[in-house]
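Note on naming: letters A, B, ... go to the chains in the order of the sequence lines (proteins, then strands), and numbering restarts at 1 for each one. Just so it is clear, the values below take in all heavy atoms, side chains as well, and ignore hydrogens, waters and symmetry mates.
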Number of protein chains: 2
Amino acid sequence: MNFENRKQVCAAARKFLENKGLRQTPQRNAIILAAFSTSDHFSAEGLLRMAREIDFSVSRATVYRTLPLLMESGLLRGLDLGNGVQYYDPNFIEHPTHNHLICVDCDKIIEFEDINMELLKNCISRRLGFFPESKVLRIEGHCEELQLHGSCPKRRG
Amino acid sequence: MNFENRKQVCAAARKFLENKGLRQTPQRNAIILAAFSTSDHFSAEGLLRMAREIDFSVSRATVYRTLPLLMESGLLRGLDLGNGVQYYDPNFIEHPTHNHLICVDCDKIIEFEDINMELLKNCISRRLGFFPESKVLRIEGHCEELQLHGSCPKRRG
DNA sequence: ATCTATGCAAATAATTTGCACAATG
DNA sequence: CATTGTGCAAATTATTTGCATAGAT
């Protein structure tokens with residue numbers, strides 16, 4: 001995502017708050033800016049750290065209070081990486097149907113979209129009497145590193 | 001899953017413990033029996049309740065210590081339902097590639113398997129240089145109830 | 001003035017762990 | 001008797017909330 005897009009997403013987030021009758025504050029702006037200045041996934045704690053680099057007055061509570069708002073806006077989506085921590089993915093506005101491939105060796109995450117996957121999802125859902133609204137698809141496996149080079153430089157543990 | 005199958009799965013779980021050099025205890029047996037006597041999904045707390053109906057001496061700590069073992073055995077899989085609680089799904093031995101359709105109105109969960117989904121998953125993974133090991137596919141949407149009857153008897157809230 | 005937002009610290013909820021005792025091989 | 005397993009209660013971790021204060025309209 002390029003700089004212009006990020007600016008637009010931040011603007012959309014602020015617009016969402018405005019439409020909801022909520023105020024724009026330095027803290028919320030710092031949190032929004034931090035969240036959408038990266039395409040990496042982050043945890044609440046990680047977001048706090050990033051937001052504080054912009055505005056040190058941001059508190060943990062405000063981060064935890066702002067995250068549900070951004071989820072509600074549709075600009076941010078939750079991401080479960082298997083450990084007990086809630087992660088967030090800021091890339092769903094640009095790629096609304098994307099999925100995750102996660103390497104169990106090195107934790108590398110690849111995002112991908114696939115039209116056939118979407119069609120199949122819709123088809124199966126309807127067949128079972130469901131009207132699909134959203135989906136989570138996470139594939140875990142091994143990336144090429146271990147096979148190609150005998151070892152994975154970023155290997156866990 | 002019928003009674004015979006359940007017995008076999010419990011036996012497999014005990015065998016797994018044995019192969020690992022771990023002991024069979026009344027508490028572990030009660031937990032195993034409770035976990036595989038239902039095809040419903042459960043939380044650690046729910047499993048504790050069920051296990052205690054079989055053997056009241058089972059403690060919360062033992063449940064939490066046994067769950068990772070059952071996960072490791074492959075007989076039980078984690079299931080994320082979006083609230084912060086870890087749920088477990090005992091149906092993966094019978095249906096190793098099944099997925100979940102979840103109704104956002106009434107929390108109804110439908111499990112389904114689909115060969116095309118598996119093929120597509122493998123195809124996409126390989127194309128991206130991944131060797132897939134497992135996947136999580138969860139589709140959220142609306143089941144027929146609200147549409148057909150104007151209301152859903154089991155509606156949340 | 002009134003409403004909204006904030007930081008702090010305390011509260012909560014789910015899970016993990018240390019430890020003394022019990023059960024097993 | 002040496003090892004493994006257990007319950008209990010305390011510790012840990014992530015998240016939520018009450019409250020007094022600060023800021024915006």
For nucleotides 11-19 of chain D, 5' to 3', base contacts (B), sugar-phosphate-only contacts (S) and non-contacts (-) with protein non-hydrogen atoms under 4.0 Å give ---SBBBBB
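Both B:Gly21 and B:Arg52 lie close to DNA chain D; mapped to their nearest nucleotides by heavy-atom distance, the more 5′-ward contact belongs to B:Gly21.
When only modelled atom types and interatomic distance are considered, B:Asp80 and B:Gln86 share no side-chain donor-acceptor pair under 3.5 Å. A donor-acceptor pair shorter than 3.5 Å cannot be found between the side chains of A:Gln27 and A:Thr62. No hydrogens or angles considered: nothing links the side chains of B:Asn99 and B:Glu111 as a donor-acceptor pair under 3.5 Å.
B:Asn83 places its CG atom 9 Å from the P atom of C:dA14, with the value rounded to the nearest Å. Between the CG atom of B:Leu17 and the P atom of C:dG25 there is a distance of 13 Å, rounded to whole Å. The CG-P distance, from B:Asp55 to C:dA22, rounds to 17 Å in whole Å. Put simply, CD1 on A:Ile31 is 12 Å from P on C:dA5, counting in whole angstrom units. The nearest whole Å value for the distance from the CG atom in B:Asp80 to the C1' atom in C:dA14 is 14 Å. Between A:Glu18 atom CD and D:dT25 atom P there is a gap of 11 Å when expressed in whole angstrom units.
A 4.5 Å side-chain heavy-atom check between B:Ile102 and B:Lys108 finds every atom pair outside the cut-off.
The ring-ring contact (aromatic ring centres under 6.0 Å, His included) search around A:His100 returns A:His41, A:His98, not counting sequence neighbours.
A chain of hydrophobic side-chain contacts below 4.5 Å, direct or via other Ile, Leu, Val, Met, Phe, Trp or Tyr residues, connects A:Phe16 to A:Leu76.
Panel note: side chain B:Asn91, backbone B:Ser39; a donor-acceptor pair is recorded below 3.5 Å.
Sorted by residue number, the members of residues 22-29 of chain B with any non-hydrogen atom under 4.0 Å from DNA chain D read B:Leu22, B:Arg23, B:Thr25, B:Gln27, B:Arg28.
Cation-pi check for A:Arg6 over A:Phe36 is not met; the charged atom does not lie both under 6.0 angstrom from the ring centroid and within 45 degrees of its normal.
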